[in-house]
Amino acid sequence: DHDRQTLCRCQTCGAWWFERFYEYIYFDEARPDDQIRWFARLAEAEAESLMSESKPRISFLAGRPCFRLDERGTTRTTYPPF
């Protein structure tokens, strides 16, 4: 499995986003791996806080409106409680 977390900033408007990429690999089945990306908007202070922590805690994102991108396309949803 792969699990990547990235703090992103829009080059156009300067908005901060938290991106999480998760991939589940099916070793025992002949089917495509699940790849999911979540994008949650952050306030400036939240982004600064994440950058200042050596092990950022992202539990505050649980339940926040976000975008989810997977094999079916992009949907609006809430950020899952990881």
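One is the number of the first residue; the rest follow in order along the sequence.
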Quiz item: Using 4.0 Å as the upper bound for N to carboxylate O, is an ion pair formed by Arg41 and Glu46?
Solution: no
Quiz item: Hey, are Glu23 and Arg4 close enough for a salt bridge, meaning a charged N less than 4.0 Å from a carboxylate O?
Solution: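 Here Glu23 does not pair with Arg4 in a salt bridge, since their nearest N and O are not under 4.0 Å apart.
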Where [X] and [Y] come nearest, the two heavy atoms and their spacing:
X     : Y     : result
Ala62 : Pro81 : CB-CA, 3.8 Å
Arg9  : Gly14 : NE-O, 2.9 Å
Ile36 : Arg68 : CD1-NH2, 3.3 Å

Self-check item: Leu61 and Leu42: CA distance, side-chain angles, deciding distance, side chain to side chain contact (heavy atoms under 4.5 Å, CB included) verdict
Solution: CA-CA 9 Å; Leu61 292 173; Leu42 299 174; 3.7 Å; yes
Quiz item: Cluster question for you: counting only ILVMFWY and a side-chain heavy-atom cut-off of under 4.5 Å, with indirect links fine, are Met51 and Trp17 together?
Solution: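 No, separate clusters.
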Quiz item: Same hydrophobic cluster for Phe39 and Ile58, using side-chain heavy-atom links shorter than 4.5 Å among ILVMFWY?
Solution: no
Practice problem: Hey, could you give me the OG1/CZ distance between Thr78 and Arg64, rounded to the nearest 0.5 Å? | Solution: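 Taking OG1 in Thr78 and CZ in Arg64, the distance rounds to 12.0 Å.
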Exercise. Using atom types as modelled and distance alone, determine if a side-chain donor or acceptor of Arg37 lies under 3.5 Å from a backbone N or O of Phe21.
Key: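 Absent.
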Quiz item: Gln11: what forms a side chain to side chain contact (heavy atoms under 4.5 Å, CB included) with it, not counting sequence neighbours?
Solution: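 Gln11 satisfies side chain to side chain contact (heavy atoms under 4.5 Å, CB included) with no other residue.
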Exercise. Describe, in one word, how the ring planes of Tyr79 and Trp38 are oriented to each other, choosing from parallel (under 30°), tilted (30 to 60°) and perpendicular (over 60°).
Key: perpendicular
